[in-house]
Amino acid sequence: MLTRLGWGGASVETVLRDGPVAPGGTLHGRVHIEGGEVDQRVDRLTVGLVVRLEDYSDVEFERIDVPGDPVVARGASAVRDFALRLPWDMPVTTHGDRRLKGMDVGVNTQLHIAGAVDPGDFDPFTVDPLPAQAAVLDALERLGFSFFTAAVKDGDPAAAYPGTGAGRGRSPVYQELRFYPPVGARGLDRLDATFVSAAGATDVLLRAETFDGVMSDASRTCTRFTADHAAGAPDWDARIGGWLAGLADRDG
């Protein structure tokens, strides 16, 4: 029984072989298996793509089986390679040389032996933004916005950004990036941004929030822009800046 549950049993260590990966890309890794004190039959070896939510719970995007020899001999070593395809709406964890505060994504490896499952470790990795996403983040910086945190939320972005007609991505969650506005900005206390990406294009959802008082609800205005991945980069400074200028003029 002790061997079946891990005492003196086989163990695994996962090594991720790639540098940063972008949404839609493939993450490669290798699982190193070390045999224990007895021969053991491996029912399954699986790796999962895990994202940590803002409430610190985990959501699994995908889990795949890693094939190989079903028997781990006593004291023997083995390796199994795997490849995980990231969804297009995978949350990003960096922008430029900065890690985005609040973002945790990783790989979870589980060894299934005789009905018992080793819960495995959380091996983090880096997700760089797509070129279209990076261009938007660059424009927000040039417009004077300061990133302060990011979160991954459970639900549908269309509900969080009403009136934008946003479609739902493949994943059950969406990422929200939060920015402080430039000093002196009128009619704006916070800006939130979400990317809903697919193979051909990225929808950029923006939500401007204004707080009228400490105890009051925020006033929210949302918009959507679309960036075609095959087309040249639009002038994001002009597109986003024009929308924000309209908000300032409206709020006078």
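Count residues from 1 along the sequence.
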Chemist: Applying the side chain to side chain contact (heavy atoms under 4.5 Å, CB included) criterion to Leu16, which one of Thr126, Leu27, Val21 satisfies it?
Modeler: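 Exactly one candidate clears the test, Leu27.
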
Chemist: Just by distance, do the side chain of Arg85 and the backbone of Thr26 share a donor-acceptor pair under 3.5 Å?
Modeler: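 Flag not set: sc Arg85 to bb Thr26 has no pair under 3.5 Å.
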
Chemist: Go through the side-chain N and O atoms of Asp203 and Thr226 and say whether any donor and acceptor fall under 3.5 Å apart.
Modeler: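 Judged by distance alone, the side chains do pair up.
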
Chemist: Given Trp88 and Leu130, is the side-chain contact (heavy atoms from CB on, under 4.5 Å) satisfied, shown in steps?
Modeler: CA-CA 9 Å; Trp88 285 101; Leu130 293 164; 3.9 Å; yes

Chemist: Applying side chain to side chain donor-acceptor pair (under 3.5 Å) to Thr202 and His229, what does each step give before you reach the verdict?
Modeler: CA-CA 7 Å; Thr202 291; His229 293 169; 2.8 Å; yes

Chemist: Do Asp189 and Thr210 pair up side chain to side chain, a donor and an acceptor below 3.5 Å, judged on atom types alone?
Modeler: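 Checked: Asp189/Thr210 side chains show no N/O donor-acceptor pair below 3.5 Å.
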
Chemist: Check this for me: Arg142, atom CZ, are more than 12 non-hydrogen atoms of other residues, nucleotides or ligands nearer than 6.0 Å?
Modeler: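 Yes, the 6.0 Å shell around CZ holds more than 12 heavy atoms from other groups.
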
Chemist: Establish whether Val15 and Phe122 are linked, either directly or via other cluster members, by ILVMFWY side-chain heavy-atom contacts under 4.5 Å.
Modeler: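 Hydrophobic grouping puts Val15 apart from Phe122.
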
Chemist: Shared ILVMFWY cluster between Tyr180 and Leu143, side chains joined below 4.5 angstrom?
Modeler: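 No, Tyr180 does not connect to Leu143 through the hydrophobic network.
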
Chemist: With respect to Ile33, which candidate in Val42, Val66, Val12 satisfies the side chain to side chain contact (heavy atoms under 4.5 Å, CB included) definition?
Modeler: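 Single side chain to side chain contact (heavy atoms under 4.5 Å, CB included) partner of Ile33 among Val42, Val66, Val12: Val12.
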
Chemist: For His32 and Ser77, test the side chains for any donor-to-acceptor distance below 3.5 angstrom and give the result as yes or no.
Modeler: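 Absent: no donor and acceptor within the cut-off.
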
Chemist: Are Arg224 and Val204 packed together at the side-chain level, in the sense that at least one heavy-atom pair is separated by less than 4.5 angstrom?
Modeler: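 The answer is no; the side chains never approach within 4.5 Å.
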
Chemist: Supply the atom-to-atom distance Arg44 CZ to Leu111 CG, rounded to the nearest 0.5 angstrom.
Modeler: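 If I round to the nearest 0.5 Å, the distance is 11.5 Å.
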
Chemist: Out of curiosity, Thr14 OG1 to Phe82 CZ, how far, rounded to the nearest 0.5 Å?
Modeler: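 Output value for this atom pair is 5.5 Å.
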
Chemist: Is Arg178 close enough and on-axis enough to Phe148, meaning under 6.0 Å and within 45°, for cation-pi?
Modeler: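 Negative - Arg178 is either too far from the ring of Phe148 or too far off its axis.
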
Chemist: When you look at Phe225 and Ile240, which way does the side-chain contact (heavy atoms from CB on, under 4.5 Å) test go after all the steps?
Modeler: CA-CA 9 Å; Phe225 301 103; Ile240 297 173; 4.2 Å; yes

Chemist: Are Leu191 and Arg207 close enough that some pair of their side-chain heavy atoms sits under 4.5 Å apart?
Modeler: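 Side-chain contact under 4.5 Å: no.
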
Chemist: CG/Leu177 to CD/Gln133 distance, rounded to the nearest 0.5 angstrom?
Modeler: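 Answer rounded to 0.5 Å: 9.0 Å.
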
Chemist: Stepwise, does the side-chain contact (heavy atoms from CB on, under 4.5 Å) test hold for Trp243 with Leu206?
Modeler: CA-CA 10 Å; Trp243 175 65; Leu206 299 178; 3.9 Å; yes

